Amino acid sequence: MKTEDKIKEVTKHLLFRQGVFKVTTQQLSEYAGIERTAIHYYFHSRKNLIDTVIREVMQEFPPPLSGMEGLAFETKLERYIDYYSAKYKKYPYLDVYLITHHDKSESAEKMLYPFENLIPDIMIWIRKNNTEYTDPADFLAHLMSMISGYYISLDFFRKKQEYLTAEKQTWPDVKRFLGLLLNPARI
């Protein structure tokens, strides 16, 4: 693997898979088995390196924005759940990092907010009294939390192997979560 690619992969691993948010360029270089000067040679700064890996992740997981016109709200939600599940499965701490540590760059905004396209549908759902939610922000926060929380918790328990032996989330689990989201009175 090329040095530049190794640096990017180590950065993604530590920040977005392990949740080591305050990693230094020295720690990155040690973990990658390279000289720290290589990071500065290829990326000039830690910020440029992080911006680069965020852009790469965005290309790897483009938000599901096209082809959604005319679909039922539940179908749109299922597509978003599939999108976020795939992203969080690979990078459980990505959005936590973007929310808590990134400077709200355009790339971070694009990565965090594809859900905004659901707001008109959520408003209709609320007006029709199909849910007890009254604020689209609450609805979206709960949706993202249910998905990301699962993968962050899974990562935690995997680190404690005696508590978890295998990943067992299935489509019925996701449908159950979706049902709870659409009708929180059943909780």
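Starting from 1, each residue takes its place in the sequence as its number. The structure presented is a predicted model; accordingly, all values stated were derived computationally and were not measured. Heavy-atom basis, side chains included; hydrogens, waters and symmetry copies ignored.
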Please report the interatomic distance [atom1]([X]) to [atom2]([Y]), rounded to the nearest 0.5 Å.
X    : Y    : atom1 : atom2 : result
K87  : D82  : NZ    : CG    : 13.5 Å
S45  : D51  : OG    : CG    : 7.5 Å
I39  : L49  : CD1   : CG    : 6.5 Å
L77  : L118 : CG    : CG    : 5.5 Å
L143 : M146 : CG    : CE    : 5.5 Å
L15  : L94  : CG    : CG    : 9.5 Å

List in chain and number order the residues that pass side-chain contact (heavy atoms from CB on, under 4.5 Å) with [X], two or more places apart in sequence or in another chain; answer none if no residue qualifies.
X    : value
M68  : L71, K76, R79, Y80
K128 : I124, N130
E60  : K90, Y91

Any side-chain heavy atom of [X] within less than 4.5 Å of one from [Y]?
X   : Y    : answer
T11 : F16  : no
S85 : Y150 : no
L98 : D95  : yes

Could you pull out all donor-acceptor pairs under 3.5 Å where a side-chain atom in residues 22-30 meets a protein atom, sequence neighbours excluded?
{"unit_1": "T24", "atom_1": "OG1", "unit_2": "Q26", "atom_2": "N", "d": "3.4"}
{"unit_1": "T24", "atom_1": "OG1", "unit_2": "Q27", "atom_2": "N", "d": "3.0"}
{"unit_1": "T24", "atom_1": "OG1", "unit_2": "Q27", "atom_2": "OE1", "d": "3.3"}
{"unit_1": "T25", "atom_1": "OG1", "unit_2": "R36", "atom_2": "NE", "d": "3.4"}
{"unit_1": "Q26", "atom_1": "NE2", "unit_2": "E30", "atom_2": "OE2", "d": "3.0"}
{"unit_1": "Q27", "atom_1": "OE1", "unit_2": "T24", "atom_2": "N", "d": "2.7"}
{"unit_1": "S29", "atom_1": "OG", "unit_2": "T25", "atom_2": "O", "d": "3.3"}
{"unit_1": "S29", "atom_1": "OG", "unit_2": "Q26", "atom_2": "O", "d": "2.8"}

Checklist line | All pairs passing ring-ring contact (aromatic ring centres under 6.0 Å, His included) where residues 31-53 contributes a residue, at least two apart | finding: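 Pairs touching residues 31-53 that pass the test: H13-Y31.
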Item checked: Parallel, tilted or perpendicular, as decided by the 30° and 60° cut-offs, for the rings of F21 and Y93 ->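 Perpendicular: the ring planes of Y93 and F21 meet at over 60°.
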Would you name the heavy atoms of [X] and [Y] that are closest together and state the gap between them?
X    : Y    : value
T131 : Y133 : OG1-CD1, 2.9 Å
Y83  : F61  : OH-O, 3.2 Å
I126 : T134 : CD1-C, 3.8 Å

Checklist line | Basic-acidic side-chain contact under 4.0 Å: E9, K6 | finding: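 K6 and E9: not salt-bridged.
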Margin query: So, using salt bridge (charged side-chain N to carboxylate O under 4.0 Å, His left out) as the criterion, who are the partners of E4 when residues are at least two apart?
Written below: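 Counting only residues at least two positions away or on another chain, E4 forms no salt bridge (charged side-chain N to carboxylate O under 4.0 Å, His left out).
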Margin query: List the residues meeting side-chain hydrogen bond (donor to acceptor under 3.5 Å, both in side chains) with K8, not counting sequence neighbours, and say none if there are none.
Written below: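 Partners of K8 by the side-chain hydrogen bond (donor to acceptor under 3.5 Å, both in side chains) criterion, ordered by chain and then number, come out as E56.
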